[in-house]
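Because the structure is predicted, anything quoted here is derived from the model rather than measured. A, B, ... follow the sequence lines: proteins, then strands. Residue 1 opens every chain.
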Number of protein chains: 2
Amino acid sequence: MALAHDYTDVQYLPAPPKAADTATGLFRLSVSMTFAKDEEIYGQDEDADLIYRVLDGAVRTTRVMADGRRQIGDFYLAGDIFGLEAGPAHRFAAEAVRDSVILVIKASTLRSSGGDVGRLGWEATRRELERAQEHVIMLGRKTACERVASFLKDLSDKSGDLRVVDLPMGRQDIADYLGLTIETVSRMLSQLQASRIVSFCAIRQFRIVNPAGLARLANQTL
Amino acid sequence: MALAHDYTDVQYLPAPPKAADTATGLFRLSVSMTFAKDEEIYGQDEDADLIYRVLDGAVRTTRVMADGRRQIGDFYLAGDIFGLEAGPAHRFAAEAVRDSVILVIKASTLRSSGGDVGRLGWEATRRELERAQEHVIMLGRKTACERVASFLKDLSDKSGDLRVVDLPMGRQDIADYLGLTIETVSRMLSQLQASRIVSFCAIRQFRIVNPAGLARLANQTL
DNA sequence: TCTGCGCCTTGATGCGGATCAAGGCTGCCG
DNA sequence: CGGCAGCCTTGATCCGCATCAAGGCGCAGA
């Protein structure tokens, strides 16, 4: 990550675009950076001195085993905070899923501040934990079909638009998030479309035709 | 959970036994409770007003799907803190793996206190997150053999004794933690013993014969 | 417009772990 | 000491997903 070459500004920024969460205040004094598709934002084992927020685009956190097996920890879309999934060093790398604009703040600023700001960091960490735990359920006990259905449902729950949902990531990323292969993901998507649960308008955009059916297949426990 | 029937004391307790962590201070004003094997400590969806610490025994957090599939979120041994894996309500239930003594503290006490104490809560949450993320890697991309090897290695890393390690939980609990069946866990344990990696002295106690071999099979990425 | 490449889909086959089934071991209680 | 119940192991078979293989589709650049 080259800190100097592409930062655009250091300033008091206006409130970020999708300010529907509690953490907006944390990012007032921050640097905005742009990353190209597949560019690394930080590496596995790198020092975790910074905390990040997606302004525009999408980010994935990944871990690669010695033999090349890859697991995606999570995806982050506009408004999401990432990078606090660590102790002193990052345990996952972070990469831009597509061209993205990211706000960056020093972690030490956040950690040292008491009261409200510190509590917001804790809240954000707790949300991360909840998502990781849902992910554990998914990978431990759900079938391929249930995983893909859960994934589409989660994505639609996050996106504001109730009609049409965008998939910012490719099939391989979905597979590596769900602990499946690209072929299985593709087959499940075809199957969901064939059974009139969802309908793909484009390769990375779908409508939910039967929300109740999707929820049933997703088999959420909470 | 019956708060009244089995608490033993409300007092300033002496430092807990294995005080090798930073969180000891949090539990000075706490209630000690005992739970029988398989007794519920708190339920899924229950309010998360309390935080817990294992004094003696072992605890599991579980989530059960509508059709009975069960996933164990994590195990907690003497000295471990649990119960902060939640927003307003618990997303997993907690149960005693065997007869256990648990210290309990009001979460609100912890959350409202600023400075050091609040930060310790955050640290504990972050450790939980790290463990959940390792669990995701395991369930998403490791084979049955790698999962069992990782499990035994983790347990031995946690236990002080380098020679002999106790398994506090039964095979079914291990299976539900690793996203496998009891039969597969049993087969992998037999296989590890046959290949002289570990050796079982009793059904729930083993020695690591070949630590390097175990580490290789575990395939840890960090 | 044509061509090539990246990404996706679909089909055929194989394998790892689930499921089904049958005992064995151990500890408890008569 | 014998019988029973819970837990664990082992074997046989099955199935869901991985792997291997072969195109299809769409976009970018000549």
Side-chain angles (χ1 to χ4, degrees), chain A residues 36-38 58 60 65 67-71 97-99 138-152 166-195 198-206 217 219, chain B residues 36-38 58 60 65 67-71 97-99 138-152 166-195 198-206 217 219:
Chain A
K37 176 162 149 47
D38 295 326
R60 63 177 175 252
M65 294 172 69
D67 58 4
R69 281 176 283 178
R70 187 177 77 145
Q71 178 66 43
V97 170
R98 52 190 180 82
D99 294 355
M138 178 127 91
L139 297 176
R141 289 302 181 204
K142 286 190 183 178
T143 65
C145 178
E146 289 170 336
R147 292 182 204 192
V148 172
S150 299
F151 182 75
L152 297 184
D166 283 309
L167 282 173
M169 70 292 290
R171 303 295 193 261
Q172 185 64 61
D173 281 351
I174 299 175
D176 287 343
Y177 177 74
L178 297 178
L180 301 171
T181 60
I182 188 175
E183 294 96 331
T184 299
V185 169
S186 182
R187 272 186 255 271
M188 293 301 130
L189 290 174
S190 300
Q191 190 178 303
L192 286 173
Q193 177 155 249
S195 34
V198 300
S199 160
F200 275 80
C201 347
I203 210 161
R204 294 193 183 180
Q205 191 181 73
F206 65 95
L217 285 177
N219 226 325
Chain B
K37 178 163 147 49
D38 295 326
R60 62 177 174 253
M65 295 172 66
D67 58 4
R69 280 176 284 179
R70 187 176 78 145
Q71 178 66 44
V97 171
R98 52 190 180 81
D99 295 355
M138 178 129 89
L139 297 176
R141 290 300 181 204
K142 287 191 185 178
T143 64
C145 178
E146 290 169 336
R147 292 181 205 194
V148 173
S150 300
F151 183 75
L152 297 184
D166 283 307
L167 280 174
M169 70 292 291
R171 303 294 193 260
Q172 185 64 61
D173 280 351
I174 299 176
D176 288 343
Y177 177 73
L178 297 178
L180 300 170
T181 59
I182 188 175
E183 294 96 330
T184 298
V185 169
S186 182
R187 271 185 257 271
M188 294 301 130
L189 290 175
S190 301
Q191 190 177 303
L192 286 173
Q193 177 154 249
S195 33
V198 300
S199 160
F200 276 80
C201 348
I203 209 159
R204 294 193 183 179
Q205 191 181 74
F206 65 96
L217 285 177
N219 226 324

* Where the side chain of B:Ala144 is defined as all heavy atoms beyond and including C-beta, which of C:dG17, C:dT10, D:dC17 is the nearest nucleotide? -> C:dG17
Would you find a donor on one side and an acceptor on the other, under 3.5 Å apart, between the side chain of [X] and the backbone of [Y]?
X	Y	result
A:Ser190	A:Ser186	yes
B:Asp99	B:Ala36	no
B:Gln205	B:Phe200	no
B:Arg204	B:Leu167	no
A:Arg141	B:Gln71	no
A:Arg147	A:Leu178	yes
A:Ser195	A:Gln191	yes

Whole angstrom is fine here: how far is it from [atom1] in [X] over to [atom2] in [N]?
X	N	atom1	atom2	result
A:Met188	D:dA18	CE	P	9 Å
A:Gln191	C:dG11	CD	P	13 Å
A:Phe200	C:dC7	CZ	P	17 Å
B:Arg141	C:dG17	CZ	P	13 Å
B:Asp67	C:dT19	CG	P	11 Å
A:Met169	C:dC8	CE	P	11 Å
A:Leu167	C:dT9	CG	P	10 Å
A:Leu192	C:dT9	CG	P	12 Å

Give a yes/no answer on whether the side chain of [X] brings an N or O atom under 4.0 Å of OP1 or OP2 in [N].
X	N	value
B:Arg171	D:dT9	yes
A:Thr184	D:dG16	no
A:Ser190	C:dT10	yes

* **For A:Val148 against A:Met188, the heavy-atom pair lying closest together** => CG2-CB, 3.7 Å
* Asked: Can a donor-acceptor pair under 3.5 Å be found between the side-chain atoms of B:Arg187 and the base atoms of D:dG11?
  -> yes
* Taking protein heavy atoms under 4.0 Å as touching, what does nucleotides 23-29 of chain C look like 5' to 3' if B marks base contact, S marks sugar-phosphate-only contact and - marks none? -> -------
* To do: Give, ordered by number, those residues of residues 172-183 of chain B having at least one heavy-atom distance below 4.0 Å to an atom of DNA chain C; if nothing qualifies, reply none.
  => B:Gly179, B:Leu180, B:Thr181, B:Glu183
* Asked: Which distance, rounded to the nearest 0.5 Å, do you find between the CG of A:Leu189 and the CZ of A:Arg171?
  -> 5.0 Å
* Asked: Base, sugar-phosphate, or nothing: which does B:Arg204 touch, judged by heavy atoms less than 4.0 Å apart?
  -> sugar-phosphate
